[in-house]
J.: 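Okay, handing you the structure first.
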Amino acid sequence: MMYCLETNNQSRQMQTFYKKALLALIFLVVADALLAALFIYRSYLSVTVLAPLQDRTHWRSVGETDAPWRGTSTIRMHDPDGERLRYDFHLTTAIDYPFAAATLLLNDRQDRLAQVDWSKYTSATFLAKCAPANSLIFGVLAFDDKISRVGDFPTYRTPQSFFSCNEAGVPVTVDLTRLTMPEWWFSLHKLPVSLQDYKLDKVSKIVFGTSFQSPRDVASRVEISEFTLHGRDYRYIAALAVVLLASWSAFALWFFRSHARALIASLESKKKNDLPLIAYRQLILESSKDKEKASVLQFVATNYADAELDLESVVVGTGVNRSKVNDLLKKELGMTFTGYLNKLRLTEAGRLLAEDNGATVSEIAYSVGYGNVSYFNRLFKEEYGCAPKAFRSLSTKQKQPAELTPS
């Protein structure tokens, strides 16, 4: 659809419409900005691990050592306080690969093993303090529907990562999407090492364990605090995109429909303003006692469709001298000869376009006295504020108001 460009003398309807449109646009921008800030903020996820969960499950700390493999390493867990995980351990050399770990088991209200979904989280952060300095393992045990048996942790997927710590405390960030499965797990289950994929949608156990580089025959202490998971919930971003698309689509629909209604009203006012001119001209022709005035007006009204009509033609056709023709038009209508001639032609062109009788714009231009269609288009746009095709389209819609009424 083609829309008109308003001239400097906009109608009151168009001015009112643009004020409403500006206010609506400002409101929409502010509202969408606030919604965007809210949705983006809500999309960032953060949860403290050691604190009790909302479903009343809780993490129970348990120490594990190499005792099942005839090792003599020891570990002592400190009472948990909901904010820190603290334990002391001592690795011995009784076996080649000594091991000690503090584990967190997820239990429900009946102290039965439970599961939690970490798939929404992409990283874990915590503050690790070790005395002496150490290199430890962070591991997550997640149930695998194809391999795992409930409560049999060696069958759980065990992705892990290494981190370092010292007495001053080291802030640690673990990428939960790039953990590594240990080789012993593949050997245990006779699976190819290439099957590194894992899911953290059913996590039941967390491990902070010693590594091959951990000091032996030394009393060691570890404290883990500020243990937090971080992630993004992209459903909020998707919802934001839907809301923005819907709001701007609704605004665009309202704008174009309201613009069309206001423009139609503006053009109708313009056409009504032209009617008194024609009526006044006819009144003068019918009642004027001034023969010269009647002669000039009648000659122009009769011959305006002639493309060759000019001031000299009027002078010759009426016998009235040039200066008197101009004086008469300025006095009676406040226009020059050229202005009055164009007014008559463009008013008639507007009527023909509004009737939508099937004639082309070029045919109408020629029928009202314009030999140059481009010149006609320019004058018409200056007079009505829109191109002839748009004028016809809007006049047609005015006859069918139901099409412009929102359903």
Side-chain angles (χ1 to χ4, degrees), residues 1-48 53-55 116-125 175-177 199-201 228-271 353-354 356 381-382 384-407:
M1 178 180 178
M2 183 176 185
Y3 291 97
C4 301
L5 299 175
E6 283 71 24
T7 60
N8 292 331
N9 296 322
Q10 292 181 336
S11 68
R12 182 174 300 176
Q13 294 94 330
M14 296 307 299
Q15 292 176 356
T16 301
F17 163 73
Y18 282 121
K19 289 179 181 179
K20 290 181 178 179
L22 179 59
L23 291 176
L25 179 61
I26 293 174
F27 174 80
L28 180 62
V29 170
V30 172
D32 282 350
L34 292 175
L35 283 175
L38 175 62
F39 278 53
I40 292 174
Y41 172 77
R42 294 295 298 273
S43 71
Y44 285 95
L45 304 177
S46 179
V47 61
T48 301
L53 302 181
Q54 292 182 353
D55 57 2
V116 64
D117 185 0
W118 280 13
S119 60
K120 298 180 294 184
Y121 304 101
T122 57
S123 66
T125 60
D175 188 345
L176 297 178
T177 66
K199 294 182 179 179
L200 299 183
D201 56 342
T228 307
L229 300 178
H230 307 276
R232 294 291 298 274
D233 188 345
Y234 289 98
R235 293 177 299 177
Y236 285 99
I237 304 301
L240 175 61
V242 171
V243 170
L244 292 179
L245 179 62
S247 63
W248 282 98
S249 297
F251 175 79
L253 181 63
W254 170 83
F255 179 86
F256 288 126
R257 287 185 171 181
S258 299
H259 183 269
R261 285 195 293 267
L263 195 52
I264 287 174
S266 176
L267 291 176
E268 180 61 18
S269 297
K270 182 69 176 175
K271 289 191 291 183
L353 287 168
D356 194 19
K381 186 177 292 187
E382 290 176 357
Y384 288 102
C386 63
K389 289 183 178 180
F391 183 93
R392 167 175 280 171
S393 176
L394 291 169
S395 296
T396 301
K397 288 184 177 297
Q398 182 187 4
K399 296 175 182 178
Q400 302 172 341
E403 292 184 319
L404 291 176
T405 303
S407 58

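For reference, positions follow the sequence shown, starting with 1.
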J.: Using modelled atom types and a 3.5 Å cut-off, is there a donor and acceptor pairing between side-chain atoms of S43 and backbone atoms of I40?
T.: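 Flag set: sc S43 to bb I40 pair under 3.5 Å.
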J.: Going by salt bridge (Lys or Arg N to Asp or Glu O under 4.0 Å), name the residues that satisfy it together with R42, two or more places apart in sequence or in a different chain.
T.: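 Partners of R42 by the salt bridge (Lys or Arg N to Asp or Glu O under 4.0 Å) criterion come out as none, since no residue qualifies.
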J.: Atom CG in L229, atom OG in S123: separation rounded to 0.5 Å?
T.: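 Those atoms lie 8.0 Å apart.
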J.: Who passes side-chain hydrogen bond (donor to acceptor under 3.5 Å, both in side chains) against T125, sequence neighbours left out?
T.: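 In terms of side-chain hydrogen bond (donor to acceptor under 3.5 Å, both in side chains), with neighbours along the sequence ignored, T125 is linked to H230.
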J.: Please name all residues satisfying side-chain hydrogen bond (donor to acceptor under 3.5 Å, both in side chains) with T122, sequence neighbours left out, ordered by chain then number.
T.: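 Not a single residue meets the side-chain hydrogen bond (donor to acceptor under 3.5 Å, both in side chains) criterion with T122.
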J.: Which heavy atom of L176 sits nearest a heavy atom of L200, and at what distance?
T.: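 Distance-wise, the nearest heavy atoms are O-CD1, 3.9 Å.
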J.: What pairs of residues pass the salt bridge (Lys or Arg N to Asp or Glu O under 4.0 Å) test when at least one of them lies in residues 232-246, not counting sequence neighbours?
T.: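 Passing the test, one end in residues 232-246: D233-R235.
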J.: Taking only residues two or more places apart in sequence, or in another chain, which ones meet D117 in a salt bridge (Lys or Arg N to Asp or Glu O under 4.0 Å)?
T.: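 D117: no salt bridge (Lys or Arg N to Asp or Glu O under 4.0 Å) contacts found.
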J.: According to the interplanar angle, ranging from 0 to 90°, do the rings of W248 and F251 count as parallel (below 30°), tilted (30 to 60°) or perpendicular (above 60°)?
T.: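 Taking F251 first and then W248, their aromatic rings stand perpendicular (interplane angle over 60°).
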J.: I need the Y236 OH to Y44 OH distance, nearest 0.5 Å.
T.: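 Spacing of OH (Y236) from OH (Y44) equals 14.0 Å.
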J.: Which donor-acceptor pairs under 3.5 Å do side chains of residues 19-28 form with protein atoms, sequence neighbours excluded?
T.:
none

J.: Would you mind listing every salt bridge (Lys or Arg N to Asp or Glu O under 4.0 Å) that reaches into residues 244-253, with sequence neighbours excluded?
T.: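 Every candidate salt bridge (Lys or Arg N to Asp or Glu O under 4.0 Å) pair involving residues 244-253 fails, so no pair, neighbours aside, qualifies.
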J.: By side chain to side chain contact (heavy atoms under 4.5 Å, CB included), which residues pair with S249, not counting sequence neighbours?
T.: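 Testing S249 for side chain to side chain contact (heavy atoms under 4.5 Å, CB included), a comparison that skips the adjacent residues, returns L245.
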J.: Just to verify, what does F255 make a ring pair (Phe, Tyr, Trp, His ring centres under 6.0 Å) with, not counting sequence neighbours?
T.: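 Residues passing ring pair (Phe, Tyr, Trp, His ring centres under 6.0 Å) with F255: F17, H259.
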J.: Provide the closest heavy-atom pair for L240 versus A36 in the form atom of the first, atom of the second, distance.
T.: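 The answer is CD1-CA, 3.6 Å.
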J.: Can you list every salt bridge (Lys or Arg N to Asp or Glu O under 4.0 Å) pair that touches residues 31-40, not counting sequence neighbours?
T.: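 Listed once each, the pairs would be none.
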